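Let me begin by presenting the structure, written as structure tokens, before commenting on it.
Keep in mind the model is a prediction, meaning the values are calculated, not measured.
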Amino acid sequence: MSYKEALQHTIFKIISKSAKELQLDTYVIGGFVRDYILKRGTHKDIDIVAIGSGIKLAKQVSKNLPNDPKVQVFKTYGTAMLKFEDLEIEFVGARKESYSEDSRNPIVENGSLEDDQNRRDFTINALALSLGENDFGELLDPFNGVADLKNKIIRTPLNPDITYSDDPLRMLRAIRFATQLGFEIEKESLNAITRNNERIKIITKERIVTELNKILESEQPSVGFILLEKTGLLKHILPELIALKGIDEVEGQRHKDNFYHTLEVVDNISKHTDNLWLRWAALLHDIGKAPTKKFSKKVGWTFHGHEFEGSKMVYHLFKRLKMPLNDKMKFVQKMVFMSSRPIVLAQDDITDSAVRRLVFDAGDYVDDLMTLCEADITTKNPKRFKKYHNNFKIVRKKIIEVEERDHVRNFQPPVSGEEIMKTFNLKPSREIGIIKEAIKEAILEGDIPNEFDAAYKLMIEKGEKLGLKKHEKR
Ligand code: CTP
């Protein structure tokens, strides 16, 4: 079968020409071929296998390209990379590999195309198109990868125990592809992942997080998290989520299963946002519930302070997984910390002052917070579902009104500390804090508008109450 039409980009002609000059059989392999057949759009990372030296081929290709792009050589791996237009092209010599028990780094020997295909992760990723002059575009599919693409199956070329044990990251990749593509992992493979799940421990955190992010960025992330749980991988990666599993019952009172609830929230939010960090916030919004869970006869199950506990756990989790401890992490923490605020607010009559406080506390994140809280409504009671959503609509409307009128989103006090010091001829002192707080409170309560004149008047009143005298100008 020929797939010439997949190779219309000039780069393939140039690689083919270079390969001929070096007399190397050469193929495009992996994601590019897979995504072409799946019609997933053009894969920008192109993997080239040469039967011989991939590094030499890369250098030759560079020579044949206009303004010879730089070839980056990774000696230890025997690979080379160059960039052309918006493409990243990686060259590797075909190899036979075997791995040792405790490392991802293989012992590498030169091999044939078939050896190379054998050592790849999945049949759908082992598809190769020839770049030879005479068989340009010819498909080499020794494991029926095209059939697996059609039947939506993830399967390993070799015995799955070998493929996964060789490179345990592939267990996560299998689940990630299943989630991204809506494929099923073949039973033998799934069993092998379960058997080998412990080996995920030798994989670096960064690589694990890359796969987790891809699962989270999928249309329906729950598919991946359910597989991660089922195969026993999740307990090694995110034990905080495992701790949310299960329903306890005491004296006939049950709480919901917060693991499955969380997954529902993640799926819900994924319909409304592509923001990876907001999706992380959805995944972690209830993790504080496991350590704060209590039962009392009077009130049943409670999770007091779980938002605060959860936001602290976010830091430890990010640190453990070597995720960025920057503004992204702070954003997730803030979302988790504030995750119950809108629902509490929407259960009562929605007052302007409560909305103003919400906007004040959430700042620029208030819209994201609302998106999270709307996704958090997973009640199966249609009446309540409707009520909460309607209330959130009111909250959203009020947020806009309050914001237009009072500008508390990124609150700047209308009267500064300096102004207070000048007015009462004060040195830095606690009175200034008290007056500032009183002004802020009055604005949030709606007692005064967020304007200078009203705030100035209140400052004078408060100052006098504190026994301060207005300083007369000399
Ligand atoms: N590969 C593998 N085992 C891995 C990683 C990669 O066998 N642990 C092989 C697969 O043949 C894969 C190719 O290397 O197709 C390229 O890997 P990569 O660029 O990571 O993935 P893609 O398949 O291109 O897919 P994506 O870009 O979606 O990650």
Side-chain angles (χ1 to χ4, degrees), residues 1-97 106 108-143 145-146 149 157 173 177:
M1 177 99 182
S2 173
Y3 280 89
K4 249 189 205 148
E5 76 281 358
L7 307 178
Q8 279 169 17
H9 200 289
T10 46
I11 190 71
F12 295 112
K13 306 271 173 320
I14 294 166
I15 299 171
S16 177
K17 174 177 176 274
S18 314
K20 191 178 169 210
E21 285 162 3
L22 299 180
Q23 297 193 329
L24 291 176
D25 287 341
T26 298
Y27 305 86
V28 195
I29 198 161
F32 177 87
V33 186
R34 179 197 68 222
D35 285 353
Y36 177 81
I37 297 175
L38 283 177
K39 302 192 173 69
R40 271 183 101 208
T42 316
H43 200 86
K44 302 289 178 199
D45 298 333
I46 298 180
D47 292 300
I48 303 292
V49 183
I51 315 305
S53 167
I55 296 174
K56 274 192 193 149
L57 177 60
K59 288 183 176 161
Q60 187 74 8
V61 170
S62 168
K63 263 194 223 158
N64 284 325
L65 282 172
N67 46 12
D68 349 346
K70 196 171 152 273
V71 178
Q72 235 180 310
V73 175
F74 306 96
K75 257 204 178 140
T76 9
Y77 298 102
T79 64
M81 196 272 285
L82 61 79
K83 289 185 183 175
F84 180 64
E85 294 174 355
D86 58 345
L87 303 175
E88 248 183 47
I89 307 146
E90 186 151 335
F91 297 82
V92 59
R95 46 197 179 178
K96 237 181 173 159
E97 285 181 0
V108 182
E109 286 171 60
N110 292 338
S112 64
L113 175 70
E114 195 156 341
D115 290 332
D116 192 279
Q117 285 174 305
N118 262 323
R119 71 163 192 95
R120 292 196 174 252
D121 52 3
F122 307 114
T123 59
I124 61 168
N125 286 344
L127 299 165
L129 299 182
S130 171
L131 295 177
E133 195 184 20
N134 299 324
D135 58 352
F136 192 78
E138 193 65 33
L139 173 74
L140 292 111
D141 178 16
F143 315 110
V146 172
L149 278 180
R173 282 173 61 90
F177 282 121

Student check: side-chain heavy atoms of Glu5 and Tyr36 closer than 4.5 Å: yes
The side chain to side chain contact (heavy atoms under 4.5 Å, CB included) partners of Asp35 (sequence neighbours excluded) come to Leu38, Arg40, His43
For Lys63, what residues pass the side chain to side chain contact (heavy atoms under 4.5 Å, CB included) criterion, not counting sequence neighbours? Gln60
Minimal heavy-atom distance between Ile51 and Gly111, with the atoms involved, is CG2-O, 3.9 Å
State which residues pass salt bridge (Lys or Arg N to Asp or Glu O under 4.0 Å) with Asp141; sequence neighbours excluded, sorted by chain then number. none
As an exercise, state the distance from CG of Asp135 to CG of Leu140, rounded to the nearest 0.5 Å. 7.5 Å
Contacts of Asp121 that satisfy side chain to side chain donor-acceptor pair (under 3.5 Å) - sequence neighbours left out: Asn125, Arg173
Student check: side-chain heavy atoms of Asp47 and Val92 closer than 4.5 Å: no
Check the pair Ile48, Leu131 against side chain to side chain contact (heavy atoms under 4.5 Å, CB included), reporting the backbone distance first and the verdict last. CA-CA 9 Å; Ile48 303 292; Leu131 295 177; 4.0 Å; yes
Take Ile11 and Leu65 through the side chain to side chain contact (heavy atoms under 4.5 Å, CB included) test and state the conclusion after the steps. CA-CA 8 Å; Ile11 190 71; Leu65 282 172; 4.0 Å; yes
Rounding to 0.5 Å, atoms OG (Ser16) and CG (Leu24) come to a distance of 11.5 Å
Geometric class of the Phe32/Phe12 ring pair [parallel <30°, tilted 30-60°, perpendicular >60°]: tilted
Is there side-chain contact between His9 and Leu87, with heavy atoms separated by less than 4.5 Å? yes
Within the structure provided, determine whether Val73 and Lys59 are in side-chain contact (heavy-atom separation under 4.5 Å). yes
Please enumerate all residues that pass side chain to side chain contact (heavy atoms under 4.5 Å, CB included) together with Lys4, with sequence neighbours excluded. Ser2, Phe136
Just jot down the salt bridge (Lys or Arg N to Asp or Glu O under 4.0 Å) partners of Arg120, sequence neighbours excluded, or say none. Asp116
Tell me whether the count of non-hydrogen atoms from other residues, nucleotides or ligands lying under 6.0 Å of CD in Gln23 goes above 12. no
Scan residues 85-94 for pairs that pass salt bridge (charged side-chain N to carboxylate O under 4.0 Å, His left out), counting only residues two or more places apart or in two chains. Lys44-Asp86, Lys83-Glu88
Could you pull out the closest heavy-atom pair between Ala80 and Val71, with the gap in Å? CB-CG1, 3.9 Å
The criterion is ring-ring contact (aromatic ring centres under 6.0 Å, His included); which residues satisfy it with Tyr27, sequence neighbours excluded? none
Test your reading of the model: is there a side-chain donor-acceptor pair from Gln117 to the backbone of Ala126, 3.5 Å cut-off? yes
In chain order, what residues pass the side chain to side chain contact (heavy atoms under 4.5 Å, CB included) check against Thr10, with sequence neighbours excluded? Phe84
Could you pull out all residues at least two apart from Glu138 that satisfy salt bridge (Lys or Arg N to Asp or Glu O under 4.0 Å)? none
Within the 4.5 Å heavy-atom criterion, are Ile15 and Val28 side-chain neighbours or not? no
Is Ser18 reaching over with its side chain to a backbone N or O of Ile14, donor-acceptor style, under 3.5 angstrom? yes
Is any side-chain heavy atom of Val61 closer than 4.5 Å to one of Phe91? yes
Working to the nearest 0.5 angstrom, can you tell me the gap between Leu139 CG and Leu127 CG? 6.0 Å
With a 3.5 Å distance limit and no angle check, can you tell me whether Thr26 reaches the backbone of Ala50 through a side-chain donor-acceptor pair? no
Provide the full list of salt bridge (charged side-chain N to carboxylate O under 4.0 Å, His left out) pairs with a residue in residues 12-27, sequence neighbours left out, each pair given once. Lys17-Glu21, Lys20-Glu133
ring-ring contact (aromatic ring centres under 6.0 Å, His included) against Phe143, all qualifying residues, sequence neighbours excluded: none
dist Leu149:CG -> Thr123:OG1 (nearest 0.5 Å) comes out at 7.0 Å
Closest heavy-atom contact between Phe74 and Met81? CE1-CB, 3.9 Å
Just verifying a value: how many Å separate Asn118 CG and Ser112 OG, rounded to the nearest 0.5 Å? 8.0 Å
